[in-house]
There are 2 protein chains.
Amino acid sequence: MLPIMSRNPEEPVYNRIEEARVALGLSRQDLADKAGVHYQTIGYLEREEYSPSLVLAIRIAKSLNQEVSELFSLTPFKKGK
Amino acid sequence: MLPIMSRNPEEPVYNRIEEARVALGLSRQDLADKAGVHYQTIGYLEREEYSPSLVLAIRIAKSLNQEVSELFSLTPFKKGK
DNA sequence: ATGCTATGTAGCATTAATGCAACATCTAGG
DNA sequence: CCTAGATGTTGCATTAATGCTACATAGCAT
């Protein structure tokens, strides 16, 4: 019900966490361990039920060998690629 | 007294907001307006009293024509450049 | 001196982000 | 069939991030 409010209403954050995670053959638990967060948190982020803090975003990007800008965006990602 | 806790203790986030802002000749109020936040929030961030949410970081970076990774880092920036 | 702008500081209120626990579902293997 | 792993769902508690207000200070004009 509650969309993604980050901290300021009406501004969701799109991400490719699941895509990148699966591509590396990692489970959510695996990624959560690498990023140092609860595995449920990864689930919430993948479902875009809320947007991460900057530190979390950086740690997740690092865990997935991606740039923050490649994983997160204020505008929707196009599928594939 | 309270350091930068972001959301997980012991992990500050360093930034170059002030440096980039001044380089553009903007006041905190100016930047706050462009990023759509309270001007005090910019002050808190520049003093690194807390770290921003991902959306805020992205919006600030955009307002300063910088990449998120150029403005924020988990490790301290070297001075100049 | 007066005023204006930029900034620092402090406090208070609200809420989203995170941790965590419990349970359900589904699938793949044995 | 049964079990284990991965994921979804719900709910509760804690706290940092943000908004906002007010006041102090310092500098720079006029």
Side-chain angles (χ1 to χ4, degrees), chain A residues 1-64 68-69 71-74, chain B residues 1-64 68-69 71-74:
Chain A
M1 195 148 293
L2 342 165
I4 324 87
M5 306 292 259
S6 69
R7 186 63 65 170
N8 81 311
E10 344 289 339
E11 183 128 32
V13 178
Y14 303 91
N15 73 75
R16 280 175 163 167
I17 297 178
E18 181 167 28
E19 183 180 336
R21 172 178 64 79
V22 172
L24 292 181
L26 299 174
S27 69
R28 288 183 181 171
Q29 182 67 67
D30 294 332
L31 175 55
D33 291 341
K34 296 187 72 172
V37 292
H38 195 88
Y39 82 100
Q40 299 286 38
T41 297
I42 302 296
Y44 282 121
L45 295 179
E46 290 189 352
R47 282 176 249 122
E48 291 176 343
E49 289 184 28
Y50 59 59
S51 69
S53 62
L54 176 60
V55 265
L56 220 199
I58 293 178
R59 284 202 253 108
I60 289 178
K62 188 169 302 183
S63 299
L64 295 172
V68 171
S69 55
L71 267 188
F72 303 93
S73 170
L74 295 186
Chain B
M1 195 149 293
L2 342 164
I4 324 86
M5 306 292 261
S6 69
R7 184 63 66 172
N8 84 310
E10 345 288 340
E11 183 128 34
V13 179
Y14 303 91
N15 73 75
R16 281 175 162 167
I17 297 178
E18 181 168 26
E19 182 180 336
R21 172 178 63 79
V22 172
L24 292 181
L26 299 174
S27 69
R28 288 183 181 170
Q29 183 67 67
D30 294 332
L31 175 55
D33 290 341
K34 295 186 74 172
V37 292
H38 196 89
Y39 82 100
Q40 298 286 37
T41 296
I42 302 296
Y44 283 121
L45 294 178
E46 290 189 352
R47 281 175 250 122
E48 290 175 344
E49 288 184 29
Y50 59 59
S51 69
S53 63
L54 177 60
V55 264
L56 219 198
I58 294 179
R59 284 203 252 108
I60 289 178
K62 188 169 304 181
S63 300
L64 294 173
V68 170
S69 55
L71 267 188
F72 303 93
S73 172
L74 295 186

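This is a predicted model, so every value here is computed, not measured. Here is how names work: the chains are called A, B, and so on, in the same order as the sequence lines, proteins then strands, and each is numbered from 1.
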Among the nucleotides D:dT18, D:dC20, C:dA6, which one has an atom lying closest to any side-chain atom of B:H38? D:dC20
Does C:dT7 have OP1 or OP2 sitting under 4.0 Å from an N or O in the side chain of B:R21? yes
Would you say D:dA17 has OP1 or OP2 under 4.0 Å from some side-chain N or O of B:S53? no
Rounded to the nearest 0.5 Å, what separates atom CG in A:L31 from atom CG in A:L24? 9.0 Å
side-chain N/O A:S51 vs C:dA17 OP1/OP2, d < 4.0 Å: yes
Heavy-atom closest contact (A:A20 atom, A:L64 atom, distance): CB-CD1, 3.9 Å
In short, ring-ring contact (aromatic ring centres under 6.0 Å, His included) pairs touching residues 13-46 of chain B with sequence neighbours left out are B:Y44-B:Y50
When every non-hydrogen atom of A:A57 is compared with those of A:P52, the smallest separation belongs to CB-CG, 4.1 Å
Dump every N/O contact between nucleotides 22-30 of chain C and the protein below 3.5 Å, one line per pair.
unit_1	atom_1	unit_2	atom_2	d
C:dA22	N6	A:Q40	NE2	2.9

For A:I58, the side chain to side chain contact (heavy atoms under 4.5 Å, CB included) test, sequence neighbours excluded, returns A:L54, A:V68, B:L74
Rounded to the Å, how far apart are A:D33 CG and D:dA6 P? 11 Å
Rounded to whole angstroms, how far apart are CD1 on B:I58 and P on D:dA17? 16 Å
Protein-nucleotides 11-13 of chain D N/O pairs under 3.5 Å:
unit_1	atom_1	unit_2	atom_2	d
D:dG11	O6	A:Y44	OH	3.4

Could you tell me which residues satisfy side chain to side chain contact (heavy atoms under 4.5 Å, CB included) with A:D33, sequence neighbours excluded, listed by chain and number? A:Q29
Do any pairs count as a salt bridge (charged side-chain N to carboxylate O under 4.0 Å, His left out) and have a residue in residues 37-46 of chain B, sequence neighbours left out, and if so which ones? B:R21-B:E46, B:R28-B:E46
Which whole-number value in Å describes the distance from A:I42 CD1 to C:dG19 P? 9 Å
Which atom names give the shortest non-hydrogen contact between B:L71 and B:I60, and what distance separates them? CD1-CG2, 4.1 Å
Would you kindly give the CG-to-P distance between B:L54 and C:dA16, to the nearest whole Å? 16 Å
d(OH, B:Y50; P, D:dG19) in whole Å: 7 Å
D:dA17 P sits how many Å from B:L56 CG, rounded? 11 Å
Please report the distance, rounded to the nearest Å, between CD in A:Q29 and C1' in D:dT7. 12 Å
Expressed in angstrom and rounded to an integer, what is the separation of A:E46 atom CD from D:dA6 atom P? 13 Å
Of all residues at least two apart in sequence or in a different chain, which pass the side-chain hydrogen bond (donor to acceptor under 3.5 Å, both in side chains) check with B:S69? none
